[in-house]
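All residue numbers in this chain count up from 1 along the given sequence. Start at 1 and go down the list; that is how both ligands and their atoms are numbered. FYI, side chains are in, hydrogens and waters are out, and symmetry mates aren't considered; it's all heavy atoms of this structure.
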Amino acid sequence: MKILIINGQNHLGSTYHIGKELADKIGGETKEFFLPRDFGEFCLGCTNCFVKGEENCLHYEKLKPIVEALDEADVVILTSPVYVMHTTGAMKAFLDHLGYRWMVHRPEEKMFRKQGVCISTAAGAGMKSTNKDMADSLFNWGIPKIYKYGMAVAATSWNEISEKKLAKIHKDMDRLAEDIKSNHGKVKPGIKLKGWFMLCRMIQKNGYNPKDMDYWKQKGWTEGNRPWKG
Ligand SMILES: Cc1cc2nc3c(=O)[nH]c(=O)nc-3n(C[C@H](O)[C@H](O)[C@H](O)COP(=O)(O)O)c2cc1C
């Protein structure tokens, strides 16, 4: 199994360790990226990606290795510590750069067979909103199976976490890794994802952005083809 971890932080703290533990327990070939170390650009708001194509983004070449790894992976793990109740700025800046892949624009069909995981840790609160920040992108990229794991570690580093909490994390990661392994190759879009796809299909039939409309037409999605088939 190919696993991709995109860490919304450079440092090897609690959040990183949980993501890495999960990847190790799933087993397979793991690629890791750290933000902003491996990609730290802010979206310039030029909208070139939407209107002209993603190759016209000023940061296209820098982003490319992560996007290629994303397309290859079976499991995509996004991690972020909670910063003021949300994901880190570095993770948000990265996700902004993939806006062109959202369902309302040009989703990549490879996404419709993957599993995604959002992992966040906080001192006390904010895991739900932080995981949602990341899960919104995974869902809109077309990933059918998304797991969210949040832990209030009551610590600012991995070494400070209590034995009791660590034991729970290890047990939770055992279970999550088993679920991911047993679902490998079997995930299919549910009613929510299919419904959202069909709504976006209607938008593209009477669309406003020729770049997106052409893409959907070429894929045959405005006719009978579906990204999760074949
Ligand atoms: C800028 C910043 C903002 C933070 N905001 C929150 C917060 O809103 N809620 C919270 O419970 N902890 C907050 N924390 C604490 C971290 O989320 C927490 O210590 C987390 O487990 C750190 O993960 P790490 O070890 O992977 O860096 C914040 C920490 C920083 C540096």
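Between Met85 and ligand 1, at least one N/O pair is under 3.5 Å apart. Considering backbone and side-chain N/O atoms, Tyr83 never comes within less than 3.5 Å of an N/O atom of ligand 1. Polar contact with ligand 1: present for Ser14 (N/O pair, distance under 3.5 Å). At under 3.5 Å, a nitrogen or oxygen of His11, whether backbone or side chain, sits near a nitrogen or oxygen of ligand 1. Checked against a 3.5 angstrom limit, the closest N/O atoms of Tyr16 and ligand 1 fall outside it. In terms of polar-atom proximity, defined here as any N/O pair under 3.5 Å, Ala123 does make such a contact with ligand 1.
Residue Gln9 forms a side-chain hydrogen bond (donor to acceptor under 3.5 Å, both in side chains) with just one option from Thr88, Thr79, Thr15, and that option is Thr79. Screening Lys229, Lys219, Arg226 for a salt bridge (charged side-chain N to carboxylate O under 4.0 Å, His left out) involving Glu109 leaves a single residue, Lys219.
Numbered from 1 in the order shown, with element, the atoms of ligand 1 that lie under 4.0 Å from a heavy atom of Val153 read 21 (O). Of all atoms in ligand 1, numbered sequentially from 1 with element shown, those under 4.0 Å from a heavy atom of Thr156 are 19 (O), 25 (O). Atoms of ligand 1 found under 4.0 Å from any heavy atom of Gly124 (numbered from 1 in listed order, with element): 10 (C), 11 (O). Listed by number with element, the atoms of ligand 1 under 4.0 Å from a non-hydrogen atom of Ala155 are 18 (C), 19 (O), 21 (O).
In this structure, a donor-acceptor pair under 3.5 Å is present between the side chains of Tyr147 and Asn183. Between His170 and Glu21, the side chains place a donor N or O and an acceptor N or O closer than 3.5 Å (distance only, hydrogens not considered).
By the 6.0 Å and 45° rule, Lys31 does not stack over the aromatic ring of Phe33. Cation-pi geometry between Lys192 and Phe139 is satisfied (NZ or CZ under 6.0 Å from the ring centre, within 45° of the ring normal).
The main-chain N or O of Gly207 is never found under 3.5 Å from a side-chain atom of Asp212 such that the two would form a donor-acceptor pair.
Electrostatic pairing of Asp96 and Lys92 counts as a salt bridge here, judged by a charged N lying under 4.0 Å from a carboxylate O. Note on Arg175 versus Glu178: no salt bridge recorded, every NZ/NE/NH1/NH2 to OD/OE distance being 4.0 Å or above. For Asp74 and Lys2, the salt-bridge test fails: no basic side-chain N is under 4.0 Å from an acidic carboxylate O.
Closest to atom 21 (O) of ligand 1 among all protein heavy atoms lies Thr121 OG1, 2.7 Å. For atom 5 (N) of ligand 1, the closest non-hydrogen atom of the protein is Val84 N, 2.9 Å. Among all non-hydrogen protein atoms, the one lying nearest atom 26 (O) of ligand 1 is Thr15 OG1, 2.5 Å. Nearest protein neighbour of atom 28 (C) of ligand 1, counting heavy atoms only, is Val82 O, 3.3 Å.
No part of Ala152 comes within 4.0 Å of ligand 1, judged by heavy-atom distances.
When the heavy-atom distances from atom 9 (N) of ligand 1 to Ser129, Ala125, Ser157, Ser80 are ranked, the shortest goes to Ala125.
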